[in-house]
4 protein chains.
Amino acid sequence: MRIKDKSKEESVIAATIKLVNKIGFASSSVAKIAKEANVSPATIYIYYKNKEDLLTSTYIDIKKQLSNYMLTGFDSSKPIRDIFEHVWQNTFRFIANNKELFYFTEQFANSPYSDKIDKAEIDMYFEPLFNLLQKGIEQKIIKNVHYEILGAFIFYPVLILANNRLCKTIKLTDKTIKSSFTLAWDAIKL
Amino acid sequence: MRIKDKSKEESVIAATIKLVNKIGFASSSVAKIAKEANVSPATIYIYYKNKEDLLTSTYIDIKKQLSNYMLTGFDSSKPIRDIFEHVWQNTFRFIANNKELFYFTEQFANSPYSDKIDKAEIDMYFEPLFNLLQKGIEQKIIKNVHYEILGAFIFYPVLILANNRLCKTIKLTDKTIKSSFTLAWDAIKL
Amino acid sequence: MRIKDKSKEESVIAATIKLVNKIGFASSSVAKIAKEANVSPATIYIYYKNKEDLLTSTYIDIKKQLSNYMLTGFDSSKPIRDIFEHVWQNTFRFIANNKELFYFTEQFANSPYSDKIDKAEIDMYFEPLFNLLQKGIEQKIIKNVHYEILGAFIFYPVLILANNRLCKTIKLTDKTIKSSFTLAWDAIKL
Amino acid sequence: MRIKDKSKEESVIAATIKLVNKIGFASSSVAKIAKEANVSPATIYIYYKNKEDLLTSTYIDIKKQLSNYMLTGFDSSKPIRDIFEHVWQNTFRFIANNKELFYFTEQFANSPYSDKIDKAEIDMYFEPLFNLLQKGIEQKIIKNVHYEILGAFIFYPVLILANNRLCKTIKLTDKTIKSSFTLAWDAIKL
DNA sequence: GATGAATGAGTGTTCATTCAT
DNA sequence: CATGAATGAACACTCATTCAT
């Protein structure tokens with residue numbers, strides 16, 4: 001028998017991301033993705049149960065990459081502020097270097113498919129960060145409020161700032177990254 | 001000459017918002033919107049050039065309402081912090097009382113139609129707030145960074161916290177609203 | 001507004017029947033029916049909810065015609081045998097003159113769609129015949145067995161004989177019609 | 001040379017029949033049949049030229065079984081009526097005990113594949129019965145009409161009565177089998 | 001102004017079959 | 001012999017939009 005062509009699967013994922021970047025999430029049909037990947041529409045259904053499966057798999061895959069990247073060099077022995085700053089910079093750098101991936105996740109997160117994924121599974125990848133928040137609260141370094149509120153200031157502003165669909169007038173330099181982190185830390189620190 | 005039936009136009013807008021809330025943005029076709037509004041699909045094309053026009057008009061309409069609500073009781077003679085807190089609370093209250101409108105804008109903002117609107121026109125409605133930031137910077141009350149960065153901490157976290165698609169585990173009470181504003185203010189204040 | 005083009009609806013029905021005769025039930029797709037009717041596939045969905053609706057409507061329509069034809073000249077004052085012979089001949093004649101309609105019903109009856117129709121509604125059209133069987137039993141003219149058994153001899157053999165897919169070697173003349181009825185009557189008569 | 005795996009071939013046939021019973025003829029795709037048989041789709045194409053070949057082979061196989069069963073205990077020395085009654089009962093019993101096989105043939109007979117089989121080959125299996133009819137005619141026991149007409153009364157009503165898709169309200173007991181044969185015999189006897 | 005009819009182009013998905021191993 | 005990968009063509013159905021009234 002023929003063996004599964006790994007490059008084919010990868011080219012489908014790549015085509016999916018590329019096409020979403022080119023024409024947007026809503027317009028990215030299976031047929032167009034197949035064409036972009038130089039593959040038959042039917043082939044996609046060998047690798048994925050259906051369109052939903054293709055998109056959610058792609059999303060989870062990217063989120064996994066993002067969490068890996070964000071947590072690179074994670075050193076729990078350092079001061080909490082330094083750890084968060086490190087993560088903050090990792091995040092900016094990842095988004096800067098992988099705008100296509102990031103754009104896809106933003107599109108996905110506000111699509112109907114978003115409801116279908118297991119948020120808990122995603123959160124798991126970021127668990128060390130939640131734990132760090134908890135530790136910060138206990139050490140009276142971070143404000144004692146719900147972690148969703150903390151997250152809204154320490155994680156999400158990055159996305160806004162990096163998302164050039166929403167924010168077009170600002171160029172991200174090392175200096176702006178550093179200064180924007182100051183705001184984030186001021187927000188959550190006690 | 002007959003004049004366009006204002007009530008018909010309104011019922012189309014209402015139907016659009018309602019339907020997007022019911023079945024999501026992607027599934028809301030012109031035919032379904034027409035049915036929801038008890039109107040012929042063709043009628044919609046009397047009031048709007050095409051689907052894009054209908055959706056962007058609806059979006060701008062809502063944004064106008066939101067800015068009105070946010071700026072209600074705007075009193076430039078008060079301390080800057082108090083003004084922002086007032087706006088912050090207005091925003092929370094608007095979203096709480098108009099979840100349907102808010103849900104629509106969230107869906108819209110991440111749709112392909114989002115690219116078609118004139119962001120400057122929208123920003124105009126919120127000009128007093130940008131001016132306030134500027135004033136705060138000049139008075140050395142607010143950090144002197146790009147207003148996009150300030151906005152990412154003083155405006156967007158509200159959306160995250162109020163968006164129960166992203167944030168499901170937290171109930172918004174007067175107390176959480178107040179405490180979340182503390183974070184926002186700490187972020188931007190000098 | 002444009003009014004519903006009655007001729008369009010009729011041409012869809014005609015195309016459906018014609019196509020089933022030409023290429024068989026299983027191969028008759030909506031797209032092909034549309035093409036045969038010189039109509040867009042989408043148009044069919046104006047007149048019918050879906051493919052099932054199109055086919056079942058066509059079937060019921062034909063069955064109604066058949067019952068009308070079979071019961072033409074139904075005169076309950078005549079002897080029971082004469083009435084059945086009259087019906088038998090009507091049936092043969094209908095099938096002979098409307099082979100296309102008959103072929104469609106045969107195909108339909110053995111398709112998965114057959115399960116979706118309300119058999120009771122169909123039987124209703126043929127009620128006078130069931131009543132006649134009952135009357136014959138009471139008058140000790142017809143064997144007192146279940147009406148399904150009687151039907152298997154007085155109604156179904158016609159279908160077999162007229163169905164030239166199953167029965168290719170025999171030509172139906174007035175004489176064979178008459179003589180075949182003799183068998184049917186001998187079967188059920190007491 | 002390896003020989004074809006007989007058990008594999010049988011499991012494909014079994015799967016075909018089972019699946020047709022489960023989901024109907026029209027929905028029974030090659031891929032599904034393969035899965036049901038725990039075999040690759042490609043394997044089916046080793047044993048059969050194509051789908052048509054698979055289905056027609058299955059059909060002919062069943063018909064062969066049916067004819068065997070019907071002619072079991074065929075004793076040409078007995079009176080003609082007794083022989084037919086014996087065959088009639090065999091038929092009922094076969095169908096009762098092999099509803100799956102029978103259901104398949106009914107589905108097949110009204111499918112487009114039906115046109116592809118060699119009816120003469122099938123008829124061959126039932127030749128003794130046609131000969132018997134001939135003998136009956138010569139002996140002036142059976143009406144002298146075309147054998148297709150005779151068949152329509154002595155063979156087909158069984159199928160109608162046993163087919164619980166068409167005939168749902170009647171339970172088949174020894175008594176109803178016997179009495180229904182009376183009708184059949186009355187139909188054809190002189 | 002207002003409408004339902006009408007449509008070509010598109011949707012996600014499955015089909016019977018062949019290919020490379 | 002046996003397989004799962006691969007596919008172009010087809011499937012039923014919906015889309016945004018225009019037409020005729």
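Please read all numbers here as calculations on a predicted model, not as lab measurements. Note on naming: letters A, B, ... go to the chains in the order of the sequence lines (proteins, then strands), and numbering restarts at 1 for each one.
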Exercise. With a 3.5 angstrom cut-off on both distances, give the Watson-Crick or G-U wobble partner of dA20(E), or none if there isn't one.
Key: dT3(F)

Exercise. Give a yes or no on whether a salt bridge exists between E121(B) and K63(B), defined as a side-chain N under 4.0 angstrom from a carboxylate O.
Key: no

Quiz item: What is the distance, rounded to the nearest whole Å, between atom CD1 of I33(B) and atom P of dT3(E)?
Solution: 16 Å

Quiz item: Between K8(A) (NZ) and dC19(E) (P), how many Å, whole number?
Solution: 14 Å

Quiz item: To the nearest angstrom, how far is K116(A) atom NZ from dG12(E) atom P?
Solution: 13 Å

Quiz item: Taking N and O atoms by type only, does the side chain of S29(A) place a donor or acceptor under 3.5 Å from a partner on the base of dG12(E)?
Solution: no

Quiz item: Could you give the CD-to-P distance, from E9(B) to dG1(E), as a whole number of Å?
Solution: 12 Å

Exercise. Write down the distance between CD (E52(B)) and P (dC15(F)), rounded to a whole number of angstrom.
Key: 19 Å

Quiz item: Looking at dT3(F), dC15(E), dT18(E), which one has an atom nearest to any side-chain atom of Y45(D)?
Solution: dT18(E)

Quiz item: Is dA12(F) paired to anything, Watson-Crick or G-U wobble with both distances less than 3.5 Å, and if yes, which nucleotide?
Solution: dT11(E)

Quiz item: Any idea which of dG12(E), dT3(E), dA16(F) is nearest the V30(A) side chain?
Solution: dG12(E)

Practice problem: Could you please name the option among dC13(F), dT13(E), dT7(E) that lies closest to any side-chain atom of N50(C)? | Solution: dC13(F)

Exercise. Just do the side chain to side chain contact (heavy atoms under 4.5 Å, CB included) check on T58(C) and F108(C) with the steps written out, would you?
Key: CA-CA 10 Å; T58(C) 304; F108(C) 181 93; over 6 Å; no

Self-check item: Spacing of I44(D) atom CD1 relative to dC1(F) atom C1', expressed in whole Å
Solution: 15 Å

Quiz prompt | Exam field: side chain N21(B) to backbone I17(B), donor-acceptor pair closer than 3.5 Å | solution = yes

Quiz item: Once you round it to whole Å, what is the distance between P of dC19(E) and CD1 of I46(A)?
Solution: 15 Å

Self-check item: L55(C) CG - dC11(F) C1' separation (whole Å)
Solution: 14 Å

Self-check item: Residue whose closest nucleotide on DNA chain E lies nearer the 5' end, A31(A) versus V39(C)
Solution: V39(C)

Self-check item: L55(C) vs Y59(C) side-chain heavy atoms within contact, under 4.5 Å
Solution: no

Quiz item: Does S27(A) use its side chain to pair, donor to acceptor, with the backbone of G24(A) at less than 3.5 Å?
Solution: no

Exercise. Could you check whether the rings of F104(A) and F25(A) sit parallel, tilted or perpendicular, using 30° and 60° as the cut-offs?
Key: tilted

Self-check item: P41(C) side chain, from C-beta outward: closest of dG8(F), dC13(F), dG4(F)
Solution: dC13(F)

Quiz prompt | T105(C) side-chain N/O to F102(C) backbone N/O, donor-acceptor pair under 3.5 Å | solution = yes

Self-check item: 5' priority, DNA chain F, between T43(A) and A42(B) [closest heavy atom]
Solution: T43(A)

Self-check item: Presence of K51(D) side-chain N/O under 4.0 Å of dT18(E) phosphate oxygens OP1/OP2
Solution: no

Exercise. Would you tell me if any nitrogen or oxygen in the side chain of K35(D) comes within less than 4.0 Å of OP1 or OP2 on dG4(F)?
Key: no

Quiz prompt | Sorted by number, the residues of residues 12-22 of chain D with heavy-atom contact under 4.0 Å to DNA chain E | solution = none

Exercise. Answer yes or no: does a side-chain N or O of Y48(A) lie under 4.0 Å from OP1 or OP2 of dT13(E)?
Key: no

Self-check item: Contact under 4.0 Å: K32(C) side-chain N or O vs dC11(F) OP1/OP2
Solution: yes

Practice problem: Consider the side chain of S40(C), meaning its heavy atoms from C-beta on, and name the nucleotide among dG8(E), dA6(E), dG8(F) that approaches it most closely. | Solution: dG8(E)

Quiz item: Are the charged groups of K18(A) and E100(A) less than 4.0 angstrom apart, N to O?
Solution: no

Quiz item: Between dG12(E), dA5(E), dT3(E), which nucleotide has the shortest distance from any of its atoms to the side chain of Y47(C)?
Solution: dA5(E)

